[in-house]
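Just so we're on the same page: letters track the sequence lines, and every chain starts at 1. Every heavy atom of this structure was used, including side-chain atoms; hydrogens, water molecules and symmetry mates were not.
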Amino acid sequence: MDQEYELVVQVDAAKNDTLAADQLVRQYLPFIKAETAKFIHRFPVEGEDDELGIAMFAFHEAVLRYETPRGAFLQYAALHIRHRLIDYMRKEKRHAGGISLESSHDDEDSRTMLDQLEDGHNELTRREDLSAAQSEIGEFASQLLEFGLSLSDIAENCPKQKRTLAACHQALECAKENPELLEKLLATKRLPLGQLVQLSGLDKKTLERHRKYLVAIFLAYTNGFEIIRGHLQQMSPQKGGRA
Amino acid sequence: MKYLVMECGLSYAVVLDEQGRFLKAANLNYCVGQELEQVVLLKSRRKAKPLQKILSLTAVAACLCILSLLAFQFVISPVGTIRMTINPDVAMKVNRLHYVVGLEGLNEDGKELIQGVDYSWKKVEEVSDELADRALEKGYLSQGDQIRLSVESGDTEWKTAAEEMIVAELEVHLDHEVAIILWGGEEDEHEDEQGASVTVSQPQNEMKPTPTPPTVTPTPSQVPPETNSSAGKPANGNDPDDDDDDDDHDDDRDDDDNDEDRDDDRDDDDNDEDRDDDRDDDSDDDDNDEDHDDRDDDDNDDDRDDDEEDDDDDDD
């Protein structure tokens, strides 16, 4: 009973703390593995089985969504893991007809189709690109830390509605047209919200609610994070955001 | 949609999609900087939107309103009509719960009788008692007279219950001084078609305009035709049908009695005797009594049969 109460307290604490939730997953990894094993009928191997990744994510999700009236946490988490695994298996079945690039063309030939594919990207180039991306993202994350933000925080603060997202993009366009806003952001480590509202004419509350997200995307456009900016090709200003 | 892995935890990964959204996804052995085509995203909590809440509440309220309206309609709508004929002819529309929902005078006296009667939220017993009291007050009804009741309804159970209830109520209320007679709807219609008299208290109507004894007494031979013509009320049957012998006889008898009453008005003792005679006549006319007699006869027959059977058994 005490253990259950302690667990509920831990879950409550981890609701708004991604790292604490991750730590709880680590703590309950044997339980998660046991639940996965019930589903795949074998013991899952960490780092190999996607099902285990899904189960760990489902446990993480259960921590975020749990409320006391839902009953005992572990029962709720077990049910959530099972549902997530069922969803994943269904999704996988839909794509079962396709041929994997990583499967070999011939049983005797050990080379996969991906190896035989000539797309101008050899393994070395890929590794270099990955390394460059990793260093750039590392730099991005460390600069965000100077603002007191982590990428998990930004993921939680990201706008969910299209209209709000469009408003944030409009604010970014406004900042790109007025580089002094970006300079001020870097100098003061604070978002110049008043100036931004004045220049963009957007609703102050909308921008204020998504302050963390705005800092992240403004930062991506200030210091020349080419890989990230290259990834954000489709980001374009849309109508909306005015309340 | 392509996703760029930005952060990797044990159980989650933060990915950046091409629209600039930072999202949490399942970490299926990803590493930072990796580009993905598909990810398993975090399911957002389903919170009922205020509009949805309002809509659902409105729908529930609307359903409740409709249900209560239907129930109200079911209860309030008239399920039957109770027709009360003294000489004033009155029809009461009654709902399922025996509350009066409509009151109508079917002849002039009836209209006069119901004037000022407040029947709202009153049960049929109360209204019928009130009508009987008013009839007594106004001289339409007196001791020894009769009230005819007919109950019409599609619901036979309700009809039976209403008949029993109202007869019992009126008998008790009037202290058995007035005979309460139940008439079937069909009989009533039949009588209406023929224009036959349905009330016995016709002489009372004549007395109504002249409550004080007339100074000039008409001769007995002239009175009956005058009474019929002066009443002039359709319910009283100004042109009695020859087929309806019983009623005619009754009327004649009553008229004769009344004439005698008028003649002997000053003599109280004689008058009392006449009233007693009237009562006797009424009781003779009572169909129910006759029915009871019939039943008794039947019972006697049965008894006789039983006796015969017993005799047979004895013989055996």
Gap between atom [atom2] of [Y] and atom [atom1] of [X] - 0.5 Å precision:
X	Y	atom1	atom2	value
B:Y12	A:M56	OH	CE	12.5 Å
A:L29	B:S11	CG	OG	10.0 Å
A:I228	B:M6	CD1	CE	4.0 Å
B:R21	A:K162	CZ	NZ	8.0 Å
B:D17	A:C158	CG	SG	7.5 Å
A:I227	B:L4	CD1	CG	8.0 Å

Flag yes if more than 12 heavy atoms outside B:K2 fall under 6.0 Å of its NZ atom; otherwise flag no.
->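 No, the 6.0 Å shell around NZ holds no more than 12 heavy atoms from other groups.
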Neighbour count >12 (heavy atoms, 6.0 Å) for atom NZ, B:K93 =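 Open: at most 12 neighbouring heavy atoms sit under 6.0 Å from NZ of B:K93.
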Taking the side chain as everything from C-beta on, heavy atoms only, tell me whether [X] gets closer than 4.5 Å to [Y].
X	Y	value
A:S152	B:F22	no
A:L232	B:E18	no
A:I137	B:E7	no

Is the backbone of [Y] close enough, under 3.5 Å, to the side chain of [X] for a donor and an acceptor to pair up by distance?
X	Y	result
A:Q134	B:V32	yes
B:N27	A:F57	no
A:H60	B:L10	no

Residue part contacting chain A, namely of [X], when any heavy atom lies under 4.5 Å:
X	value
B:V14	side chain
B:A13	neither
B:V5	backbone

Segment of [X] engaging chain B (4.5 angstrom heavy-atom cut-off):
X	result
A:A216	side chain
A:L52	neither
A:L151	both
A:F59	neither
A:D87	side chain

For chain B, the option from A:A58, A:A155, A:G138 that forms the most heavy-atom pairs under 4.5 Å =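 Counting heavy-atom pairs under 4.5 Å, the top option is A:A155.
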Between A:E136, A:R26, A:R84, which has the largest tally of heavy atom pairs under 4.5 Å with chain B?
->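 Most heavy-atom pairs within the cutoff with chain B belong to A:R84.
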Are B:K24 and A:E156 within salt-bridge range, i.e. N to O under 4.0 Å?
->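 Looking at B:K24 and A:E156, the cut-off is met.
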Do you know which two heavy atoms are closest between B:A26 and A:G53, and how far apart they sit?
->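 Smallest interatomic distance, heavy atoms only, reads CB-O, 4.4 Å.
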When B:V15, B:L23, B:V40 are compared by non-hydrogen pairs under 4.5 Å with chain A, the top option |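 It is B:V40.
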